Amino acid sequence: MAIQSFHPPKRTLMGPGPSDVYPRISEALSRPTIGHLDPAFIQMMDEVKELLQYAFKTNNALTLPISAPGSAGMEACFTNLVEPGDKVIVCINGVFGSRMKENIERAGGETIVVEDTWGRAVDPLKVEQALKAHSDAVILAFVHAETSTGARSDAEKLCRLAQEYNCLTIVDAVTSLAGNELRVDDWGIDAVYSGTQKCLSCVPGLSPISFSEKAVEKIANRKSKVQSWFLDMNLIMGYWGKGAKRAYHHTAPVNTLYALHEALVILQDEGIEQAWDRHQLHHQALTAGLEAMGLELVVPEAERLNQLNVVQIPEGVDDAAIRSELLTKYNLEIGAGLGTLAGKVWRIGLMGCSANQTNVLNCLSALKSVLGLEKDGAAAALAFYQSQN
Ligand SMILES: *Cc1c(COP(=O)(O)O)cnc(C)c1O
């Protein structure tokens, strides 16, 4: 029997990513593939860079998408900026901080770890103590929006501290970009990476990154070559650099870049601040509904992410069975817990176009039904929406 074409089921994606993709983006993906050095394509690449500068709120010339998912953006930042022997302070308050540590070690760096409880923001006081105690540290690395726990750290404050102690900063903004306030230039972030499949509501597979002038200078003055050939920014710039003659480095994922271009045009049309506000509005409505049904959020209110809501699984409830019921009966995907939170929490994403009133109300109704709860969370969320008008 011949294998047939694959037609995925239609789901509503309310997990930690990927999020639902705008139909306009799916349409952009299906446009004709052209050469990756075609003048029309190169013009589109310049627009992608300009739109990414808008999304990151930066004028950094070195702003572009890496041709691979968020993890590759992470690797690009660490492999280019960390030289063997560099001392790097890394904050760990969830899964992605641990991956940063792994990246630093593989680049030959020495790590100073600042640990915080999962579900809490990075503590700036501890970071300042580490900066004081290790005056020879050259980089501070932390995750802005920890998708594994739902906690948002104060990136502005952490970057200011790093500058006071002459450290560059590497910031993971995979989940934060477009979902909550992020100002790369105003906050003085030196290297930042994100992903396309979270709050940009694009397909997975690209990682927008941006490097400050100070970061570019550190890369230019490296004593050793960047260990990764594919992610060496000096080489990538031969293809993505402005003005310079474009040369072949790797075949760009042409159609996926059309998709990112479309996602960024949608973001520009909505307005970046408006996108932050929209994520916050739906987060507040969802939270009102969850709390009305007696479900508890793990993260204290002041440190919560808009785009990822981490809920304590009630005593005696079968985690996998509930998620499976949501998927099969309601075509609704929510996320499981990761690492030490596995089996203890659910992660409800409100990312990109998944952050809308219909999704919030449907998710609350579905949870009420599968958990057999008494109180009506959707009614509470609806009351919240009405109070905002
Ligand atoms: C999703 C995520 C990543 C990894 O991105 P991929 O696209 O899955 O490689 C890194 N950091 C954070 C905070 C994330 O949420």
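For this chain, numbers begin at 1 and follow the sequence in order. Note that the structure is predicted; figures quoted are calculated from it, not measured. Note that ligands are numbered from 1 as they come in the structure, with each ligand's atoms numbered from 1 the same way.
For ligand 1, the atoms sitting less than 4.0 Å from at least one non-hydrogen atom of Gly70 are 5 (O), 6 (P), 7 (O), 9 (O), numbered in the order shown with element in parentheses. Atoms of ligand 1 found under 4.0 Å from any heavy atom of Thr175, numbered from 1 in the order shown, are 15 (O). Each of the following atoms of ligand 1 lies closer than 4.0 Å to a heavy atom of Pro69: 6 (P), 7 (O), 9 (O).
What sits closest to atom 15 (O) of ligand 1 on the protein, heavy atoms only, is Thr147 OG1, 2.3 Å. The nearest protein atom to atom 11 (N) of ligand 1, hydrogens excluded, is given as Asp172 OD2, 2.7 Å; this is a heavy-atom distance. Annotation: atom 2 (C) of ligand 1 to nearest protein heavy atom, Lys198 NZ, 2.7 Å. At the top of the distance list for atom 4 (C) of ligand 1, counting protein heavy atoms only, stands Ser71 OG, 3.7 Å. For atom 3 (C) of ligand 1, the closest non-hydrogen atom on the protein side is Phe96 CE2, 3.4 Å. The protein atom (non-hydrogen) at minimum distance from atom 7 (O) of ligand 1 is Gln197 NE2, 2.7 Å.
Residues Tyr239 and Ala252 come closest through the heavy atom pair OH-CB, 3.5 Å. The shortest non-hydrogen separation linking Ser98 to Ile92 is OG-CG2, 3.6 Å. Minimum heavy-atom separation, Pro204 to Pro18: CG-CB, 4.3 Å.
Side-chain N/O atoms of Asn180 and Gln307 include a donor and acceptor closer than 3.5 Å. A donor atom on one side chain and an acceptor atom on the other are found under 3.5 Å apart for Ser210 and Thr63.
The aromatic rings of His249 and Trp229 sit parallel, their planes meeting at an angle under 30°, below the 60° perpendicular limit.
Residue Ala145 places a heavy atom under 4.0 Å from ligand 1. Proximity of His144 to ligand 1 is not established, as no heavy-atom distance is less than 4.0 Å.
For a threshold of 3.5 Å applied to N or O pairs, the pair formed by Tyr193 and ligand 1 contains no separation below that value. The distance criterion of under 3.5 Å between nitrogen or oxygen atoms is not met by Arg99 with respect to ligand 1.
Residues in residues 359-380 take part in these side-chain hydrogen bond (donor to acceptor under 3.5 Å, both in side chains) pairs, two or more places apart or across chains: Tyr330-Ser369.
Less than 6.0 angstrom separates the ring centroid of His36 from the ring centroid of Tyr248.
Between Asp46 and Arg246 there is a salt bridge, since at least one side-chain N of the basic residue sits less than 4.0 Å from a carboxylate O of the acidic one.
Residue contacts with ligand 1 for Glu146 are absent, since no atom lies close enough (heavy atoms, distance under 4.0 Å). No part of Ala72 comes within 4.0 Å of ligand 1, judged by heavy-atom distances.
Between the side chain of Glu146 and the backbone N or O of Gly97 there is at least one donor-acceptor pair closer than 3.5 Å.
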